[in-house]
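Note sheet for the following structure.
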Amino acid sequence: MGGIHTNSRVLSGMRPTGRLHLGHYHGVLKNWVKLQQEFECFFFVADWHALTTHYEDSHIIADSVWDMVIDWLAAGVNPGLAQLFIQSQVPEHAELHLLLSMVTPLGWLERVPSYKDQQDKLRERDLATYGFLGYPLLQSADILIYGADKVPVGEDQVAHVELTREIARRFNHLFGREPGFEAAAEAAIKKMGKKNARLYRELLKRYQQQGDHEALGVAQALLAEQQNLAITDLERLLGYLEGGGRVILTEPEALLTPASKMPGLDGQKMSKSYNNTITLREAPDNVREKLRTMPTDPARVRRTDPGNPDICPVWQLHQVYSGDEVKGIVREGCTTAGIGCLDCKQYIVDSVLQELEPIQERAREFEQDPGRVRAIISEGSAAARDVARKSLEEVRQAMGLSYR
Ligand code: TRP
Ligand code: SF4
């Protein structure tokens, strides 16, 4: 794992706390569907993370897990392209979390902004727990155990990825420097053969003495091509490049998901807590009803009153769903009272139903075949465990725990 992966690996998780809606679709799932085409992807149900805030009503988690997986599949997440799994089915996450907890300063966790924010926001829940303080560290374990270098997350999660980078650095610093590191690195260089050894040394010098970042990249690629080096030697030489010890844990990078512009039925951001959502499996009649009863420009009382789209939540939906032509018709018709609000909303009704139709069709297929959903998850979990086990072996070895 670690630095030896030159091909990008993407990892992301979602907490199972209820039905997914159009906000999740536009904000997260469409992005996953795109990423799965480009990179090796691992997507998982963060059930333990849900437990840190919902431990008192854990049945919500159990109810949501399979529905959430069905929603992912319905939205086009493809188990042939991405590994889908459930966090608690890969208990290695918990072991890494425990081991990392030994070297994580309390202050680092207390300073993560979500710690205080969530406690303030979820006042009705008692979040003064050990598990909740450790939430971001569990997330670090999720990421580091797969050597993931790309983590698609929203703005609110960037601090967690930043913490993960710091944890990786601290771990590598503490456990990547065995006695005699330099001698071991020099011996490893020789194993590459004369030509590559000379090239490596030259690139090392260019990076370390002249700060040439391109040389660093070339050297990393050179190492990735070496067939005859053991993993520990590779890690030594990767770490040696950057002037540290072995790179055992890879520092990930946040792939910031653009803030979802998906407006809810009231013009606020679509969110379950605002009760303004259209779920991915919303019955078409409900979709029509919810959109028909949506608030509009409050000054437009009668059909003959002109309206102002700029203060109307329906207009925000046109930004998501309509092309320039329809937007032109709507703006003109609204401001001149040429069209009624129901006509205006009909465009949105049609677009949303059209968007949901294939999603719901796929959802029905999976609903009718729960065995298939379970098989997808058990295959994904097995694949994830294979990677996770290897990572843990290395971590244990680096920490001097390989006697177990
Ligand atoms: N904390 C994330 C959220 O609330 C979910 C999550 C858990 C996650 N582990 C992760 C996301 C690892 C990315 C990577 O959305
Ligand atoms: Fe809103 Fe459309 Fe009615 Fe204008 S016509 S007020 S944009 S719903």
Side-chain angles (χ1 to χ4, degrees), residues 9-17 24 27-28 31-32 35 41-54 68 85-88 90 93 96-97 112 114-115 117-118 132 134-146 148-164 252-257 260 263 265 267 291-319 321-322 326-349 384:
R9 186 177 276 171
V10 170
L11 172 113
S12 202
M14 207 187 271
R15 284 173 300 149
T17 50
H24 295 110
V28 181
N31 191 37
W32 285 12
L35 288 169
C41 288
F42 288 80
F43 298 128
F44 72 99
V45 179
D47 54 346
W48 282 337
H49 275 101
L51 205 54
T52 63
T53 49
H54 290 64
M68 192 162 93
F85 65 97
I86 297 173
Q87 186 180 32
S88 62
V90 188
H93 290 223
L96 184 59
H97 177 211
V112 173
S114 58
Y115 181 57
D117 288 357
Q118 291 291 96
F132 187 67
Y135 185 111
L137 187 64
L138 179 58
Q139 185 162 350
S140 298
D142 297 338
I143 297 168
L144 295 172
I145 208 164
Y146 298 102
D149 56 344
K150 290 188 167 51
V151 183
V153 285
E155 189 87 60
D156 61 320
Q157 300 287 312
V158 172
H160 296 172
V161 179
E162 193 49 45
L163 173 79
T164 307
E253 188 190 320
L255 274 188
L256 191 61
T257 314
S260 166
L265 294 165
L291 290 169
R292 273 200 205 112
T293 53
M294 239 184 107
T296 61
D297 171 1
R300 200 167 182 209
V301 183
R302 277 173 291 266
R303 166 71 176 74
T304 50
D305 297 331
N308 176 5
D310 296 328
I311 56 170
C312 176
V314 180
W315 178 245
Q316 291 185 45
L317 286 175
H318 280 288
Q319 304 310 310
Y321 286 106
S322 304
V326 170
K327 282 196 267 192
I329 296 170
V330 165
R331 182 167 273 284
E332 164 77 15
C334 176
T335 51
T336 60
I339 62 169
C341 289
L342 286 178
D343 307 321
C344 173
K345 289 170 167 180
Q346 191 58 44
Y347 290 108
I348 306 294
V349 171

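The first residue in the sequence is number 1, and the count goes up from there. Atoms within each ligand, like the ligands themselves, are counted from 1 in listed order.
Here the protein contributes C344 SG as N, O or S atoms under 2.8 Å from atom 2 (Fe) of ligand 2.
The closest donor-acceptor contact from the side chain of R300 to the backbone of R303 lies under 3.5 Å. With hydrogens and angles disregarded, a donor-acceptor distance shorter than 3.5 Å links the side chain of S12 to the backbone of P152. K345 places a side-chain N or O within 3.5 Å of a backbone atom of L291 that can act as its donor or acceptor partner. Of the possible polar contacts, one joining the S140 side chain to the P136 backbone as a donor-acceptor pair under 3.5 Å is found.
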**Message:** Using side-chain contact (heavy atoms from CB on, under 4.5 Å), reason through L317 and Y347 one step at a time and then give a plain yes or no.
**Reply:** CA-CA 10 Å; L317 286 175; Y347 290 108; over 6 Å; no
**Request:** Check step by step if side-chain contact (heavy atoms from CB on, under 4.5 Å) holds for F44 and L11.
**Result:** CA-CA 8 Å; F44 72 99; L11 172 113; 3.9 Å; yes
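Ranking the protein heavy atoms by distance from atom 5 (S) of ligand 2 puts R300 NH1, 3.1 Å first.
Defined by atom type and a distance below 3.5 Å, a donor-acceptor pair is present between the side-chain atoms of H160 and S114.
Taking both residues in full, the closest heavy atoms of H49 and Y135 are given as NE2-O, 3.1 Å, listed atom of the first, atom of the second, then distance.
A parallel orientation is assigned to the rings of F42 and Y146, their planes being inclined by less than 30° (bins at 30° and 60°).
Closer than 4.0 angstrom to ligand 1 sit non-hydrogen atoms from L11, S12, G13, R15, F44, A46, H49, Y135, Q139, D142, I143, V151, V153, Q157.
Within a 6.0 Å sphere centred on CD of E155, other residues, nucleotides and ligands contribute 12 heavy atoms or fewer.
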